[in-house]
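What follows is one structure encoded as structure tokens, with my remarks underneath.
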Number of protein chains: 2
Amino acid sequence: MTTTTQRRKVTPTASCIEPDRSTPVAEAPDDDTLALMAKALAHPARVRIIRVLDERTTCVTGDVVLELGLAQSTVSEHLRILREAGLIQGEIEGPRTRYCVNATGLAALKAGIVAL
Amino acid sequence: MTTTTQRRKVTPTASCIEPDRSTPVAEAPDDDTLALMAKALAHPARVRIIRVLDERTTCVTGDVVLELGLAQSTVSEHLRILREAGLIQGEIEGPRTRYCVNATGLAALKAGIVAL
DNA sequence: TAGTTTCATCGCTGTTCGACGATTACCGAT
DNA sequence: ATCGGTAATCGTCGAACAGCGATGAAACTA
């Protein structure tokens, strides 16, 4: 066993305290990237997470777990997928992780879809 | 073996001869539908197909096969997925099938994504 | 009628996903 | 140093996906 460092891998891209609700200009991504982003949204739970993060200001993992009614590990997995697709971003806040929508990534997705 | 009717199941929704390039108004779909549409786009080949259908006017299955460089059966499968998601539509034209973008379905997808 | 073209479907294989419980790591407090 | 809370990761299992060759159904053609 490699005993790789667990947890603490949220790659804090930007702050979630003051979520950026503006829609930045974004270029339409290429086919592969667009497909990757679409795949991140290709599950009702993950679409739901995006909405929850957009409506709430709390957006801590535990809140999302309660909101979705899925197992904590399952939600954490969905959050990871969305995070790696660049659609949300996480920020470590003491013992918990605060998530919010990644406006830049989401804008890129929108640009790519609208350009179809 | 049930010997189900093979082929001839393209459900001609509308004509592909005169592709409707206007963007109809569409309501944002619910989470499940949006996830389903996103899943249909969650593969580079299928994103590619949408583009090919949008650029070309030919849009027969064989053309898409040549364009993608995948096996005919594989492409046919991708076309089925896009068709069942309501993003494209097929029309039987003699021995071949003519495909084109389903403007209504695509508009619904765009509306759903932009509303996020 | 027989032969050809076109394309959807079937059967198969290997890969990836989705969900969960269990585990582990990190943090803050006792 | 230990404990409690929080959340990411691991391991597992069944289901779904992605690709392809082979088969078969239509619809033309000769």
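Chain A is the first sequence line, chain B the second, and so forth, proteins listed ahead of strands; every chain is numbered from 1. Side chains are part of it too, since the values below use all heavy atoms of this structure and drop only hydrogens, waters and symmetry mates.
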With a 4.0 Å limit, can you tell me whether [X] has a side-chain N or O closer than that to the phosphate oxygens OP1/OP2 of [N]?
| X | N | answer |
| --- | --- | --- |
| Tyr99(B) | dT6(C) | no |
| Thr61(B) | dA8(C) | yes |
| Arg46(A) | dG18(C) | yes |

Rounded to the Å, how far apart are [X] [atom1] and [N] [atom2]?
| X | N | atom1 | atom2 | result |
| --- | --- | --- | --- | --- |
| Ile81(B) | dC7(C) | CD1 | P | 18 Å |
| Glu93(A) | dG5(D) | CD | C1' | 15 Å |
| Leu36(A) | dC17(C) | CG | C1' | 14 Å |
| Glu91(B) | dT6(C) | CD | P | 18 Å |
| Arg80(B) | dT9(C) | CZ | P | 8 Å |
| Gln89(A) | dA8(D) | CD | C1' | 18 Å |
| Leu79(A) | dT9(D) | CG | P | 11 Å |
| Ile92(A) | dC26(C) | CD1 | P | 10 Å |

Subject >> Test: Arg98(B) and Glu91(B) ion pair at under 4.0 Å >> reply: no

Q | Donor-acceptor pair, side chain of Lys110(B) and main chain of Leu116(A), under 3.5 angstrom | A | yes

Are any side-chain N or O atoms of Arg46(A) and backbone N or O atoms of Lys39(A), one a donor and one an acceptor, separated by less than 3.5 Å? yes

When rounded to the nearest 0.5 Å, the distance separating CG of Asp31(B) from CD1 of Ile49(A) is 11.0 Å

When rounded to the nearest 0.5 Å, the distance separating CG of Leu82(B) from CD of Glu77(B) is 10.5 Å

Among the nucleotides dG28(C), dC7(C), dT6(C), whichever has the atom closest to the side chain of Val60(B) is dC7(C)

Lys39(B) has its side chain closest, among dC7(C), dT6(D), dC17(D), to dC17(D)

Under a 4.0 Å heavy-atom cutoff, the residues of residues 64-78 of chain A touching DNA chain C are Leu70(A), Ala71(A), Ser73(A), Thr74(A), His78(A)

Between Ala38(B) and Leu109(B), the two heavy atoms sitting closest are N-CD1, 4.5 Å

Problem - Verdict with supporting geometry, Glu55(B) and Arg51(B), salt bridge (charged side-chain N to carboxylate O under 4.0 Å, His left out) - result: CA-CA 6 Å; Glu55(B) 291 164 2; Arg51(B) 294 201 202 283; over 6 Å; no

